[in-house]
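To start, the structure itself, in structure tokens.
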Amino acid sequence: MIVIGGGLAGLAAGVALAESGWRVKLFELRPYLGGRATSYVLPSGEHVDNCQHVTLGCCTNLDDFYRRVGSADKVKFFDRLFFLDPQGRSGAMQAGILPAPFHMTSSFATFAPLSLGDKLSIARAMMRILFTGGKPKEVNTPAGMSMLEWLKSQKQTPRAIERFWRVVLVSALDEELDGTDARFGIDVFWKAFLSNRTGYRMGVPAVPLAELYDGCRVAIEQKGGEVTLRAPVRGVRVEKGMIAVLQFDNDREESADAYVFALPHTALTNLLPPEIKSANPTLASLDKIKVSPITGVHFWFDRPVTSEPFITLLDTNVQWVFNKTALYTDQSDAPVPGAQQYLQLVISASYELLKKNREEIIELCLKEIRQALPAAREAQLVKATVIKEASATFSPEPGVDSFRPAQTTNTPGLFLAGDWTATGWPATMEGAVRSGYLAAEAVLRSAGSPAQFLQPNLAPTGLSKLFAR
Ligand SMILES: Cc1cc2nc3c(=O)[nH]c(=O)nc-3n(C[C@H](O)[C@H](O)[C@H](O)COP(=O)(O)OP(=O)(O)OC[C@H]3O[C@@H](n4cnc5c(N)ncnc54)[C@H](O)[C@@H]3O)c2cc1C
């Protein structure tokens, strides 16, 4: 069995198949595992995440994957989400004593950055999501409806849109509201905030991302498999409509009974030969799946500037600030001489920043951080790094699900995985793991030994059970 691609989708498929007794050979282009959700050492010596990654309590498959590979205790979960606006007003969202769906009511009622009118409009839209079990029928059109259209149809105030819906959804889905399918947006609120008390809890890795995958190699090698890094697949030879051989550098060739291609959709399109594409019409739409950017900015200050583990900023370009010094268990992972605090800032759907150079981005973000955190005004910025990911995720635009192929194909022995395949989830680590598990299930089904890896969603609790579908 061969898996191509060592991102979360390929790793989840590889580990699941190895656990089922298959000898898995996994080939990864880069010198490390984790794909987009990884970390590496900069030429200057610091170990940085490609970008801060977070998970939520509702991401049940990612949680299962971390458990399988022994990484669950490397992710810290937080119950309190902290928000700060440029006027210095703060607010926290946290579950209180009430059962779902009312567990957030008291922190929402006292949330200073929103007015009473904003809150009433949000409560109305939340009720619509709740009463329909997260599936309001008006968004179920074949072409999809944008989240912004839906919010306007629910008569949301401009500030509720900007300071609540946009804040949560642009970070969760990496797209502006007018470019987001309302089904994805509504699902985030149903699964994370309404259906149970724990779906919103935020999990933040306490180690550089690459360290989460140490157990994957062990799981695959224990069953006689291999993980090969710096091993890009260069070509695919097809015979009689089936994959005969994968071609690597230095004339290396490999073949197997089954292949899971767990590549980004853009890379898959370039790799698959025309015979495979013509046998699989669902692959014809891959080039219609657009991508959206995320920019990560890393700041090292000469003194502590915040004690919060992470902060959501309102009305600024910077959306999230992660206090890596507080979050990392081992501080020796990112040593910068003279630095006392390491912050990582995240800007999702960062289309505007793509046009700016490194210095402009640093200046803009530093200004916003100094505005938000008074202690940063006196602090010296010792070092800064900007990592732009132009193709961070697929864009969850209305109707995109119709372009996403299943994990099974018409070509015997060929299976697909990747956050962009049909999982019903947006481009997230959870979506990638789901795709890997679905691909592994499909491989086992085709071999006549079915097994289940996919984990169910968090069960609705409290009164939300009455509305779940
Ligand atoms: C900046 C950024 C921030 C993000 N933040 C979050 C977040 O906070 N929470 C969240 O849930 N998700 C987040 N995501 C999304 C998440 O990272 C992805 O959805 C997920 O990691 C995708 O996994 P994948 O395995 O589908 O694809 P990938 O991670 O892209 O894996 C594909 C792998 O295939 C390899 N490959 C490519 N070509 C070849 C070849 N020819 N031969 C062999 N190997 C090849 C690649 O090197 C790569 O390792 C973020 C993404 C980015 C970029």
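Atoms within a ligand are numbered from 1 in the order they appear, just like the ligands themselves. What you see is a predicted model; the values in this text were computed from it and never measured.
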Does K388 use its side chain to pair, donor to acceptor, with the backbone of L354 at less than 3.5 Å?
yes
N323 and Q341: side-chain hydrogen bond (donor to acceptor under 3.5 Å, both in side chains), yes or no, with the steps?
CA-CA 8 Å; N323 177 353; Q341 193 163 52; 3.3 Å; yes
Give the ring-plane orientation class for F83 versus F111, where under 30° counts as parallel, over 60° as perpendicular and anything between as tilted.
perpendicular
Once the angle between the rings of Y342 and H298 is folded into 0 to 90°, is it parallel (under 30°), tilted (30 to 60°) or perpendicular (over 60°)?
parallel
For ligand 1, which of its N or O atoms have a protein N or O partner closer than 3.5 Å, and how long is each gap?
{"from": "ligand 1", "atom 1": "8 (O)", "to": "V54", "atom 2": "N", "distance (Å)": "2.9"}
{"from": "ligand 1", "atom 1": "9 (N)", "to": "V54", "atom 2": "O", "distance (Å)": "2.9"}
{"from": "ligand 1", "atom 1": "11 (O)", "to": "M429", "atom 2": "N", "distance (Å)": "2.8"}
{"from": "ligand 1", "atom 1": "12 (N)", "to": "M429", "atom 2": "N", "distance (Å)": "3.4"}
{"from": "ligand 1", "atom 1": "14 (N)", "to": "H53", "atom 2": "NE2", "distance (Å)": "3.3"}
{"from": "ligand 1", "atom 1": "17 (O)", "to": "H53", "atom 2": "NE2", "distance (Å)": "2.7"}
{"from": "ligand 1", "atom 1": "19 (O)", "to": "D419", "atom 2": "OD2", "distance (Å)": "2.7"}
{"from": "ligand 1", "atom 1": "19 (O)", "to": "T428", "atom 2": "N", "distance (Å)": "3.4"}
{"from": "ligand 1", "atom 1": "19 (O)", "to": "T428", "atom 2": "O", "distance (Å)": "3.3"}
{"from": "ligand 1", "atom 1": "25 (O)", "to": "L8", "atom 2": "N", "distance (Å)": "3.2"}
{"from": "ligand 1", "atom 1": "25 (O)", "to": "A9", "atom 2": "N", "distance (Å)": "2.9"}
{"from": "ligand 1", "atom 1": "26 (O)", "to": "D419", "atom 2": "N", "distance (Å)": "2.9"}
{"from": "ligand 1", "atom 1": "27 (O)", "to": "R36", "atom 2": "NH2", "distance (Å)": "3.0"}
{"from": "ligand 1", "atom 1": "29 (O)", "to": "R36", "atom 2": "N", "distance (Å)": "2.8"}
{"from": "ligand 1", "atom 1": "30 (O)", "to": "R36", "atom 2": "NE", "distance (Å)": "2.8"}
{"from": "ligand 1", "atom 1": "30 (O)", "to": "R36", "atom 2": "NH2", "distance (Å)": "3.3"}
{"from": "ligand 1", "atom 1": "41 (N)", "to": "V233", "atom 2": "O", "distance (Å)": "3.1"}
{"from": "ligand 1", "atom 1": "42 (N)", "to": "V233", "atom 2": "N", "distance (Å)": "3.0"}
{"from": "ligand 1", "atom 1": "44 (N)", "to": "L29", "atom 2": "N", "distance (Å)": "3.1"}
{"from": "ligand 1", "atom 1": "47 (O)", "to": "E28", "atom 2": "OE2", "distance (Å)": "2.6"}
{"from": "ligand 1", "atom 1": "49 (O)", "to": "E28", "atom 2": "OE1", "distance (Å)": "2.7"}
{"from": "ligand 1", "atom 1": "49 (O)", "to": "E28", "atom 2": "OE2", "distance (Å)": "3.1"}

Do the side chain of T38 and the main chain of L209 share a donor and acceptor less than 3.5 angstrom apart?
no
Can you see which heavy atom on G57 is nearest to which on L458, and at what distance?
O-CD1, 3.6 Å
